*Asks:* 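Have a look at this one before I ask anything.
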Amino acid sequence: MNAYPARLESRLDPKLSRWLWLVKWLLLIPHFISLFFLSIAFALVTVMAFFAILVTGRYPRSLFDFNVGVLRWGWRVSYYGYSALGTDRYPPFTLGVVPEYPATLEVEYPERLSRGLVLVKWWLLAIPHYVITGVFVGGGTWLASRSGDWEWGGGGLVGLLVLVAAVILAVTGSYPRPLLDFILGMNRWVLRLIAYAGLMTDTYPPFRLDMGESDPGVPSATQTNPTPSPLVPPAAQPQPM
């Protein structure tokens with residue numbers, strides 16, 4: 001399975017506080033203020049990119065990197081907050097890559113983009129996905145795709161399931177991983193839509209709920225650095241004569 005150009009990864013904290021989720025909304029106020037202004041900048045940059053792509057067929061790299069940074073920041077806040085509650089590690093205030101943080105996001109830079117698709121993909125072609133993700137994050141999906149922060153799109157199914165996970169966490173002290181996998185699949189679908197509608201890729205988002213912490217098509221650490229099987233003996237070394 002080929003990886004989609006927009007990829008969302010996460011790691012569930014091995015130990016989560018039972019009650020911290022009750023006050024995370026308060027702790028995240030500085031991030032909400034920052035993301036409010038960053039979302040406005042995201043929308044303005046997308047408009048500038050629209051005209052650049054229409055004329056040149058390219059998304060200016062500096063604008064692209066900025067908008068990916070906004071998405072990256074928003075995903076870290078969402079994973080800490082009420083789009084997942086998957087970590088208690090406070091998100092950093094940065095647009096840059098933080099590999100050690102348990103929530104990461106990447107979007108591949110496209111060398112060329114279609115001048116024709118830029119006119120229709122963000123509204124006409126994306127309509128089926130707006131309908132589906134509207135169930136996931138509420139009725140504000142279109143606005144979320146324009147601002148780059150889907151956590152502001154409303155509650156929806158994601159909000160309901162995160163609330164269920166929070167109650168289970170409070171009672172049992174553990175986060176049910178199958179529930180997190182499903183929540184991450186919905187978040188991943190929303191991210192792909194944001195990247196497509198935000199003009200960052202011409203690859204149409206698949207109608208597929210890719211659940212789990214790792215994005216399908218991205219090799220895991222065990223795949224990239226496989227350990228030798230103990231059942232296979234090492235190659236025989238030639239003996240000196």
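Values in this document were obtained by computation on a predicted structure and should not be read as measured data. Each residue takes its place number in the sequence, starting with 1. Atoms considered below: every heavy atom in the structure, side chains included; atoms not considered: hydrogens, waters and symmetry mates.
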*Asks:* What heavy-atom pair brings Gly81 and Leu28 nearest, and what distance separates the two atoms?
*Replies:*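 Taking every non-hydrogen atom into account, CA-CD1, 3.8 Å.
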*Asks:* So which atom in Ser114 and which in Leu117 form the shortest heavy-atom distance, rounded to 0.1 Å?
*Replies:*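 For Ser114 versus Leu117, the nearest heavy atoms are OG-N, 3.1 Å.
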*Asks:* I'd like to know if the side chain of Arg76 and the backbone of Ala103 have a donor-acceptor N/O pair within less than 3.5 Å.
*Replies:*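 Here the side-chain-to-backbone pair does not exist.
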*Asks:* Test of understanding: clusters of I, L, V, M, F, W, Y form through side-chain heavy atoms closer than 4.5 Å, transitively. Do Leu27 and Trp19 belong to the same one?
*Replies:*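 Yes.
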*Asks:* Quick check for you: to the nearest 0.5 Å, what is the distance between Leu199 atom CG and Phe50 atom CZ?
*Replies:*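 Atom-to-atom, Leu199:CG and Phe50:CZ are 7.5 Å apart.
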*Asks:* Looking at Lys15 and Asp88, does any basic side-chain N land under 4.0 Å from a carboxylate oxygen?
*Replies:*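 Salt bridge flag = no for Asp88 with Lys15.
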*Asks:* Quick check on the hydrophobic clustering: are Leu113 and Trp123 connected, directly or via other members, by side-chain heavy-atom contacts under 4.5 Å?
*Replies:*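 Yes, one cluster joins them.
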*Asks:* Once salt bridge (Lys or Arg N to Asp or Glu O under 4.0 Å) is applied, do any residues pair with Arg18, and if so which ones, sequence neighbours excluded?
*Replies:*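 Counting only residues at least two positions away or on another chain, Arg18 forms no salt bridge (Lys or Arg N to Asp or Glu O under 4.0 Å).
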*Asks:* Can you tell whether the side chains of Asp210 and Arg7 come within less than 4.0 Å, N to carboxylate O?
*Replies:*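 No, this pair does not count.
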*Asks:* Once you round to the nearest 0.5 Å, how far does CD1 of Ile29 lie from CZ of Phe32?
*Replies:*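 The CD1 atom of Ile29 sits 8.0 Å away from the CZ atom of Phe32.
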*Asks:* Mind listing the closest non-hydrogen atom pair of Ser10 and Leu184 along with its distance?
*Replies:*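 Nearest pair, atom of Ser10 first, then Leu184: OG-CD1, 3.2 Å.
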*Asks:* Test Met200 against Val68 for side-chain contact (heavy atoms from CB on, under 4.5 Å), laying out the working first.
*Replies:* CA-CA 9 Å; Met200 308 176 86; Val68 172; 3.3 Å; yes
*Asks:* Measuring only between side-chain heavy atoms, which start at C-beta, is Pro206 closer than 4.5 Å to Arg192?
*Replies:*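 SC-SC contact between Pro206 and Arg192 confirmed.
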*Asks:* Under the criterion side-chain hydrogen bond (donor to acceptor under 3.5 Å, both in side chains), I'd like the reasoning laid out for Thr46 against Asn67: C-alpha separation, chi angles, the key distance, then a yes or no.
*Replies:* CA-CA 8 Å; Thr46 302; Asn67 271 2; 3.3 Å; yes
*Asks:* What are the two closest non-hydrogen atoms of Arg72 and Leu105, and how far apart are they?
*Replies:*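 Nearest pair, atom of Arg72 first, then Leu105: NE-O, 3.3 Å.
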*Asks:* Cation-pi between Arg89 and Tyr101: NZ/CZ under 6.0 Å from ring centre and within 45° of the ring axis?
*Replies:*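 No, Arg89 does not sit over the ring of Tyr101.
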*Asks:* Is the closest side-chain heavy-atom distance between Ile194 and Leu71 below 4.5 Å?
*Replies:*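 In short, these two side chains touch, coming nearer than 4.5 Å.
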*Asks:* For the pair His31 and Phe93, name the ring-plane relationship: parallel under 30°, tilted 30 to 60°, perpendicular over 60°.
*Replies:*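 His31 and Phe93: parallel rings.
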*Asks:* Measuring from Asp215:CG to Tyr4:OH, what's the distance to the nearest 0.5 Å?
*Replies:*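 These two atoms lie 11.0 Å from each other.
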*Asks:* With a sphere of 6.0 Å drawn around CZ of Phe51, does it hold more than 12 non-hydrogen atoms of other residues, nucleotides or ligands?
*Replies:*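 Open: at most 12 neighbouring heavy atoms sit under 6.0 Å from CZ of Phe51.
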*Asks:* Answer yes or no: is there a donor N or O on one side and an acceptor on the other, between the side chain of Lys121 and the main chain of Thr203, under 3.5 Å?
*Replies:*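 A pair under 3.5 Å: no.
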*Asks:* Does Leu209 offer a backbone N or O that forms a donor-acceptor pair with the side chain of Arg188 under 3.5 Å?
*Replies:*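 The answer is no, because no donor-acceptor pair under 3.5 Å joins these two groups.
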*Asks:* Go through the steps to decide whether Leu95 and Leu38 satisfy the test side-chain contact (heavy atoms from CB on, under 4.5 Å), and finish with yes or no.
*Replies:* CA-CA 10 Å; Leu95 298 172; Leu38 286 173; 4.2 Å; yes
*Asks:* Would you say Phe64 and Pro110 make side-chain contact, with heavy atoms under 4.5 Å?
*Replies:*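 Side-chain contact under 4.5 Å: yes.
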*Asks:* Report yes or no: is the cationic atom of Lys24 (NZ for Lys, CZ for Arg) closer than 6.0 Å to the six-membered ring centre of Tyr82, at no more than 45° off its axis?
*Replies:*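 Not satisfied by the 6.0 Å and 45° rule.
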*Asks:* Determine whether the aromatic ring centres of Tyr196 and His129 lie less than 6.0 Å apart.
*Replies:*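 Not under 6.0 Å, so no.
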*Asks:* Just so I know, are the side chains of Asp13 and Pro102 near enough to count as touching, which here means a heavy-atom distance under 4.5 Å?
*Replies:*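 Counting from C-beta outward, Asp13 and Pro102 do come under 4.5 Å.
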*Asks:* Hey, quick one: are Phe36 and Ile33 part of the same hydrophobic cluster, counting side-chain heavy atoms closer than 4.5 Å, chains of contacts allowed?
*Replies:*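 In one cluster with Phe36: Ile33, yes.
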*Asks:* Are Trp189 and Phe136 close enough that their ring centers fall under 6.0 Å?
*Replies:*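 Yes: the rings meet the under 6.0 Å criterion.
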*Asks:* Does any part of the side chain of Arg58, heavy atoms only, come nearer than 4.5 Å to the side chain of Tyr109, both counted from C-beta?
*Replies:*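 In contact.
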*Asks:* Can Met186 be reached from Leu163 by stepping across I, L, V, M, F, W or Y side chains whose heavy atoms are under 4.5 Å apart?
*Replies:*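 They do not share one cluster, since no chain of ILVMFWY contacts under 4.5 Å joins Leu163 to Met186.
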*Asks:* State whether Asp65 and Arg61 are salt-bridged, where the test is any N-O pair (Lys NZ or Arg NE/NH1/NH2 against Asp/Glu carboxylate O) under 4.0 Å.
*Replies:*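 Result for this pair is yes, salt bridge flagged.
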*Asks:* Locate the shortest heavy-atom distance separating Arg177 from Glu213; write the atom from each residue and the value.
*Replies:*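 Answer, listing the atom of Arg177 first, then Glu213: NH1-OE2, 2.7 Å.
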*Asks:* How long is the gap from CG on Leu180 to CG on Leu12, to the nearest 0.5 Å?
*Replies:*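 One finds 5.5 Å between CG of Leu180 and CG of Leu12.
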*Asks:* What distance do Thr133 atom OG1 and Asn187 atom CG have between them, rounded to the nearest 0.5 Å?
*Replies:*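 It is 11.0 Å, given to the nearest 0.5 Å.
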*Asks:* Out of curiosity, does Leu179 fall in the hydrophobic cluster containing Val167 (side-chain heavy atoms, cut-off under 4.5 Å, transitive links)?
*Replies:*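 Cluster IDs for Val167 and Leu179 differ.
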*Asks:* Counting C-beta onward and ignoring hydrogens, is there a side-chain heavy-atom pair between Ile168 and Tyr175 closer than 4.5 Å?
*Replies:*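 No, too far: nothing below the 4.5 Å cut-off.
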*Asks:* Measure across Leu16 and Leu85 and return the closest heavy-atom pair with its distance rounded to 0.1 Å.
*Replies:*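 Looking at all heavy atoms of both residues, the shortest contact is CD1-O, 3.8 Å.
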*Asks:* Under a 3.5 Å distance rule, please check whether Ser83 uses its side chain to pair with a backbone N or O of Tyr79 as donor and acceptor.
*Replies:*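 Side chain of Ser83 to backbone of Tyr79: no pair is present.
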*Asks:* To the closest 0.5 Å, what do you measure between CG (Leu191) and CH2 (Trp75)?
*Replies:*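 Answer rounded to 0.5 Å: 8.5 Å.
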*Asks:* Using atom types as modelled and distance alone, determine if a side-chain donor or acceptor of Tyr130 lies under 3.5 Å from a backbone N or O of Leu193.
*Replies:*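 No, the answer is negative, given that no donor and acceptor are paired below the 3.5 Å cut-off.
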